[in-house]
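Below is one structure; the comments refer to it alone.
These figures come from a predicted structure and were not determined experimentally. In what follows, every chain begins at residue 1, and chains take the letters A, B, ... in the order their sequences are listed. Reckoned from all heavy atoms, side chains included, excluding hydrogens, waters and symmetry mates.
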Amino acid sequence: MDTDLSTRYDASIVESKWYQAWQDAGLFKPGPGDRRYTITIPPPNITGSLHMGHALCYGLQDLLGRYKRLRGYSVLILPGQDHAGIATQSVVTKQLKKEGVEAFQIGREKFVERVWQWRTESGDTILRQFRSLGCAFDWDRERFTLDDRYVQAVLKVFIEWFERGLIYRGLRVVNWDPILKTSVSDIETERRVTRGKLYHVRYPFKDNSGHLTIATTRPETMLADVAVAVHPKDKRYTELIGKTLVLPLVGRELPLIADEYPDPEFGTGAVKITPGHDANDFEVGQRHGLETLVVFDEAAKVNDLGGAYKGLDRVKARERIVADLEEQGFLERTEDHEIALVVSTRSNEPVEPMASEQWFVSQTQLAAPAIKAVEEGKVRFVPERYTSVYLDWMNNIRDWCVSRQLWWGHRIPVYYTEDNAPFAALSWEDAQKKAGDRKIVRQDDDVLDTWFSSGLWPFATLGWPEQTDDLKTHYPTDVLVTARDIIYLWVARMMMMGLDFVKEVPFKDVYIYATVLTEDGKRMSKSLGTGVDPMDIIGTKGADALRYTLFSQTGYNQDIRYSDRRTEEARNFCNKIWNASRFVFMNLEGYDHSRSRQLQVVDEWILSRLARTERTVRESYEAYDVQSACQALYQFFWSELCDWYIEISKGRLADPAQRSAPQWVLVTCLDAFLRMIHPVMPHITEEVYSHLPVPGKSALLMQATWPEQAGTVNERAENLVESWLETTRALRALRAELGLAAMKAVPVAYYEGDLGDGASLVAGQAWIEDLRRGRPEGKFVSTSIPGIDLHLPTEGLIDEVAERERIGGQIEKATQELAKLEQRLENPNFVERAKPEVVEKERATTNDLRDMIAKLESRKKLFGG
RNA sequence: GGGCGGUUAGCUCAGUGGUAGAGCACUUCGUUCACACCGAAGGGGUCGUAGGUUCAAGUCCUAUACCGCCCACCA
C-alpha cells in the first residue's frame, strides 16, 4: 500500500489482482489434511446471470469456505451448472424464432446441437460473475449435469429404479404447459387468485324428466364430460342417482353417479365429471370405471373430440360454448367467483390439467429414510423452522412425474419393442440384449425432469457411480446453502437419492438463506424492472462492499430488503478499513515486530476487546449467523479500534521511546481483524495484509490461520478503560453544551474522584491541556458520572440562567431514574426474589444517583438556583 | 382453510426476562497532522393492540389486527 496515495479506497484497482493470485497459489483446491469441508454448490442454470439472490447464496458459500480454510480445514467447493431443461430450451427456441426458424423444423438432433453450441458460447456467464464476486471454487472439478460422466450416473439411477419397480408409466392428470408443450411438476406451478365466473348449466335428463343444474368454472371442459356426480347423502339428489343425463351441445349420455367428492354446500351440489381435465375428477373416474376423454391438443386447442369447436383455443372455446349454452337455454345463470388459477412458473401461462401417459417415480418408499434422517438429526435445517416445512411435505409426498416433453435434457432411457414392451437400458444395444428375441424399435421421446439429474448433484459430481477418491473423502458434504423455494423441488430429492444410492445423507446442514427483496419489500424481478444488477455494485463499489451489504443483513431472517444506501455503508466501511490501515502503516517507523514491549492498560483493553470479538465472530460464523459476525467486526473496528484506540495512541506513536507497544498492538489488532473479516471481504483484506510487516506471515491471507489466540480477555483493563472513556464522553458533552468546539484545546479542567492512571488519557481525549485534581476557584460548571465529578472553569463567560436550567434538567432526569429504582427496591418481592446481584446493582445505582443529585443541587445554588 | 415469518427511532434493521440499540437521515459544531466515504455532541421510541404469567416483559403465554411467504381438490 502506497501510503502517499489516495485516501479513497478504490475497489476496482485492488479487487482485480487477487483472484488470480489465489488461483495461482492453488488455494481453490482442497489441501492436505484429514479435516475436510465440502460444499457442492447449487448448480445455477446455464441460462442464468447473477442476481442479488445468487450473490448472497454463492457469496455465503465462499464465506464459509474461507472461514473453514482459516480454521485449518481442507476445503473443497465444487462448482458447476445445471442444463436446466425447460429454461434452456425456451431460450434457444426463442433465439431460433428470431432467426425465423421453428424448432420443429430443424428436428431434435439439430436442435440439441444448437443448444450445445449456445452453451459453449454464452452458457457460463454466471460462473465468470462468481469469480468477480471472489468465489474460491475449485474450477478444475467443475461439473455439468449433461457431462458424459454425469449422464452415466443418471442412467444408473433410472435403470435401477425402473428395475426395482419404483419407476412406472401411468395415465395421470398432469399440469400441461401449452406454451412449452410439456408437462410440468406441481412445484413448477403457482396459484394465482383471479376473478372468474361460476357458470350454472342445465344438464337435461334423457327421459325428459327435467334437468339437473351443475356449477362449473370451466365450461369448455364439458366437451370431455363423462358423468355427473352428487354426494350420496345429498337428499336433493338421492332419488335421481343412476339416471341418465344428456350432455348439452354434445349429446353424449352421462350417468348420474354418487361419490363422496362433491360438496353439497358448494354450487348446486352436482359436479360434472371430466377425468381428462381435472385431477379430482380423474380420481372419481377411476373409482367408477369411467372413460377418460381428452379434448385438447398439446397447444390446448380443442381436438377432434370437440366436434364443432375443433381448433379453438381454450379461451375462444369457452366464449363459444357459453354463448351456445345460453342461446339454447342451458345456461341458468352466471355469477362472479374467485378462482385459484394454476399458472406455470416456467411460461407464465395457465396450465391445462390434462390426462396423459407419463413416467412417475413412487415416492413413499424413498421418502421414509429421508424423513428419518431429519428426525434423527442427521440433517439439520438452519433456521430450524424449515425442518417442519420439509417434514410436512415429505409426509404427504405424492409420486413424482419425471417425464418432460422436451428435447433438451436426459432422454429417458426406455426402449420399446414392437409390441410396446419397455426396457430401461444404458443404450439401444443394451436394451436389445435385455429384450432378447423381441426387437427394439424405438426409444422413448421424452426427457427427464431437470431435478431428476440435479438430485444426484452431491454425489454424481464427486464421481459416483464409481467409487472415486473424491467420493470417499468428500461425501457426505457439509452444508447445502440454498433458497427456501426449492426445499421440495431439490433438497428433498437430493435427500432421497443420496440416501438410496450412497446410503448416506448428502449434507449435514441445510442453511436456508434470506430472500433478497427490493427496498419496498417487493420481489426482485428482471421483467418487472425491480432488480438491481449485482455486477453494477461490484463495478462501482466493489465485490467486498456488495458482500458486506448482503452478509450484514443475513442471519435467521426470512427476507432482506436490498437498498443502495446499505451499499454506501459497506463502501464507507471499506474506506475506513483502508484509511485506518494506512494510518497504521504510516506509523510503523522503526518498528520491529519481535522486539519486547511494555503494554499499558489501554493496550490490554483493546486486546481484551479483540479477544471477545474473536469469540463472537467465530461462534457466529459457525452458527450461520453472519449478520452478528459482521456487527461485531464493525463495532470492534470502527468504534473501539479507530474511534478510541487509535486516537488514544497518537501521542505515544509520536514518541520514539514509547511507540513500540502501540505499534505492536495496532499491528496485532489489524492482523487479527483482517483474518476475521477476510471471509466477508476477501479482496481488501488480502491487499492490506500484503503490506503487514509481520515476520513469518503466510504468503497470502487466504491461507493464513484463524486468530484464535489474538488478545486476552482482561476484565480489569476493560472496566478501567471503560470508566475513562465514560469520563471522556462526559467531559466532551460538557464542553459541547458550553459551545466549546471539539478538538479546540481548553487550558484547564478539574476532576474529583479516582481516575487511576487515566487522567492524562482523559485530558488528551477531551482536549483539555491540564486536567487537575480538585475544584476550581471562582465560577465553574460541572458534570458527573458515578464516582467522578468534572469541573470546567467558566470565568464568568456563561449564561447563569442557562446553566441553572441545564443543571435543573439533569436533576430532573436523575430524580426520575432514582424514583423508579427506589420504588423497585421498596417492593419486598423484588428484594426477595430477584437475583442478588441484580438487587445489589440497583442499590449501588441508587446510591450513586442520590450522590449525584446532591451535588447537582449544590451546584445549582452556585448559579443562584 | 392450515402453517411459518414479520410488526422496535423518519427509513432499513439488531436486541440472551433486569434503566431501549446500530447504520442512514435530521440538528449543532469542527476541515493542519489516517479517513468529510471523516470526527465530536445532540434530538427522536407508551417496542402493532388487548389480556395474562413474573418481583420485573420489547423479550415468555393467550387472543387479535395488519403485512409477507408457503401449503391446500371446493367444481
Side-chain angles (χ1 to χ4, degrees), chain A residues 3 7-9 190-191 198-199 214-218 221 229 261-263 265-274 278-284 337 339-340 383 385-386 388-389 392-393 396 484-485 487-488 515 517 519 521-523 541 545 552-553 555-563 565-566 568-587 627-628 631 634-635 638-639 642-643 646-647 650 654 729 732-737 739-744 766-767 816-817 820-821 824-825 827-835 837-839 841-842 845:
Chain A
T3 48
T7 62
R8 290 261 169 114
Y9 170 62
E190 66 181 31
R191 276 155 201 279
L198 189 62
Y199 302 89
I214 58 96
T216 178
T217 55
R218 300 205 53 205
T221 64
Y261 163 62
D263 174 3
E265 303 292 313
F266 187 87
T268 63
V271 187
K272 71 188 199 61
I273 298 299
T274 321
D278 184 286
N280 291 305
D281 291 8
F282 184 83
E283 282 171 32
V284 174
H337 184 66
I339 48 175
R385 60 177 179 271
Y386 290 109
S388 61
V389 173
D392 288 349
W393 192 77
N396 295 297
R484 65 173 177 272
D485 55 353
I487 292 176
Y488 311 137
T515 304
L517 304 174
E519 194 164 4
K522 303 247 165 60
R523 200 167 267 282
K541 293 177 181 140
S552 65
Q553 297 178 83
Y556 303 148
N557 47 341
Q558 178 169 299
D559 306 312
I560 62 184
R561 294 188 185 192
Y562 172 85
S563 147
R565 287 177 312 165
R566 281 276 195 165
E568 277 167 31
E569 181 191 339
R571 188 232 11 222
N572 294 352
F573 188 29
C574 290
N575 197 242
K576 190 72 178 180
I577 294 170
W578 180 256
N579 279 296
S581 303
R582 276 179 61 241
F583 174 82
V584 172
F585 297 139
M586 286 161 70
N587 282 281
Q627 152 180 291
S628 296
Q631 197 187 353
Y634 187 97
Q635 155 84 17
W638 203 311
S639 307
C642 291
D643 289 349
I646 285 183
E647 291 305 324
K650 280 179 178 170
R729 287 188 201 103
R732 283 176 180 176
L734 185 64
R735 292 174 48 124
E737 280 173 76
L740 299 168
M743 296 198 273
K744 268 215 177 97
W767 315 289
Q816 277 172 10
E817 195 57 48
K820 244 200 302 198
L821 290 183
R824 193 170 301 165
L825 283 164
N827 181 348
N829 283 324
F830 171 69
V831 181
E832 279 166 33
R833 302 195 195 182
K835 281 178 280 186
E837 62 265 32
V838 172
V839 178
K841 199 178 133 206
E842 309 265 79
T845 312

Can you tell me how far apart [atom1] ([X]) and [atom2] ([Y]) are? Round to the nearest 0.5 Å.
X: A/E568; Y: A/K541; atom1: CD; atom2: NZ; answer: 5.0 Å
X: A/D643; Y: A/K576; atom1: CG; atom2: NZ; answer: 5.5 Å
X: A/T217; Y: A/I339; atom1: OG1; atom2: CD1; answer: 5.5 Å
X: A/T274; Y: A/N280; atom1: OG1; atom2: CG; answer: 11.0 Å
X: A/F830; Y: A/E842; atom1: CZ; atom2: CD; answer: 4.5 Å
X: A/R523; Y: A/T515; atom1: CZ; atom2: OG1; answer: 6.5 Å

Provide the distance between the two [atom1] atoms, one in [N] and one in [M], to the nearest whole Å.
N: B/U46; M: B/A50; atom1: C1'; value: 14 Å
N: B/U16; M: B/G58; atom1: C1'; value: 13 Å
N: B/C13; M: B/C71; atom1: P; value: 24 Å
N: B/G45; M: B/U8; atom1: P; value: 15 Å
N: B/U59; M: B/G6; atom1: P; value: 13 Å
N: B/A63; M: B/G44; atom1: C1'; value: 32 Å
N: B/A14; M: B/A9; atom1: C1'; value: 13 Å
N: B/G21; M: B/U64; atom1: C1'; value: 29 Å

Distance, rounded to the nearest Å, where [X] contributes [atom1] and [N] contributes [atom2]:
X: A/I487; N: B/G3; atom1: CD1; atom2: C1'; result: 13 Å
X: A/L825; N: B/A56; atom1: CG; atom2: C1'; result: 12 Å
X: A/Y556; N: B/G5; atom1: OH; atom2: C1'; result: 16 Å
X: A/F830; N: B/A56; atom1: CZ; atom2: P; result: 11 Å
X: A/N557; N: B/A14; atom1: CG; atom2: C1'; result: 10 Å

Exercise for the section: Compare every heavy atom of A/K272 with every heavy atom of A/T221, then report the nearest pair and how far apart it is. Expected result: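 Shortest heavy-atom contact: OG1-NZ, 2.6 Å.
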Practice task
Name the residue closer to the 5' end of RNA chain B, choosing between A/P828 and A/W767 according to the nucleotide with the nearest heavy atom.
Solution key: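 By nearest-heavy-atom nucleotide position, the 5'-most residue is A/W767.
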Practice task
Kindly indicate, with the supporting measurements, whether the criterion side-chain contact (heavy atoms from CB on, under 4.5 Å) is fulfilled by A/R732 and A/W767.
Solution key: CA-CA 8 Å; A/R732 283 176 180 176; A/W767 315 289; 3.5 Å; yes
Exercise for the section: Identify whether any heavy atom of A/T845 sits under 4.0 Å from a base atom; if not, whether one sits that close to sugar-phosphate; answer base, sugar-phosphate or nothing. Expected result: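 Here A/T845 touches the bases of the nucleic acid.
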Handout entry: Listed partners of A/F266 passing ring pair (Phe, Tyr, Trp, His ring centres under 6.0 Å), at least two apart
Key =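 Result, ring pair (Phe, Tyr, Trp, His ring centres under 6.0 Å) vs A/F266: A/H337.
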Problem - CD/A/E265: more than 12 non-hydrogen atoms of other groups inside 6.0 Å - result: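 Result for CD/A/E265: open.
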Handout entry: Minimum-distance nucleotide (side-chain atoms of A/A733 versus B/A41, B/A40, B/G5)
Key =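 Nearest to the side-chain atoms of A/A733, counting from C-beta on, is B/A41.
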Exercise for the section: Between B/A14, B/A41, B/G18, spot the one nearest the side chain of A/K835, thanks. Expected result: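 The answer is B/G18.
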Handout entry: With A/Y488 via side chain to side chain contact (heavy atoms under 4.5 Å, CB included) - residues at least two apart
Key =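 With sequence neighbours excluded, A/Y488 shows a side chain to side chain contact (heavy atoms under 4.5 Å, CB included) to A/I187, A/V389, A/W393, given in chain and number order.
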Identify the pairs formed between an N or O of the protein and an N or O of nucleotides 59-61 of chain B at a distance under 3.5 Å, and give each distance.
none

Handout entry: Under 4.0 Å protein heavy-atom contact, by nucleotide of nucleotides 67-75 of chain B - B base, S sugar-phosphate only
Key = -BSSS-BBB
Problem - Protein-to-nucleotide contact annotation, 5' to 3' order, nucleotides 20-37 of chain B [B base; S sugar-phosphate only; - none; under 4.0 Å, heavy atom] - result: ---SS----S----BB-B
Handout entry: Backbone N/O of A/Q558 and side chain of A/R484: donor-acceptor pair under 3.5 Å
Key =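 Yes; judged by distance alone, with no hydrogens or angles, the pair exists.
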Handout entry: Backbone N/O of A/A766 and side chain of A/R735: donor-acceptor pair under 3.5 Å
Key =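 Answer holds: yes.
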Practice task
Evaluate the criterion side-chain contact (heavy atoms from CB on, under 4.5 Å) for residue pair A/F583 and A/K650; output intermediate values, then yes/no.
Solution key: CA-CA 10 Å; A/F583 174 82; A/K650 280 179 178 170; 3.7 Å; yes
Practice task
Start with the C-alpha gap between A/R824 and A/N827, add the side-chain angles, then the distance that decides, and say whether side chain to side chain donor-acceptor pair (under 3.5 Å) holds.
Solution key: CA-CA 5 Å; A/R824 193 170 301 165; A/N827 181 348; over 6 Å; no
Handout entry: Consecutive-pair stems (3 or more, Watson-Crick or G-U, under 3.5 Å) for RNA chain B
Key =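 Stem list for RNA chain B: B:1-7 with B:65-71, B:10-13 with B:21-24, B:26-30 with B:38-42, B:48-52 with B:60-64.
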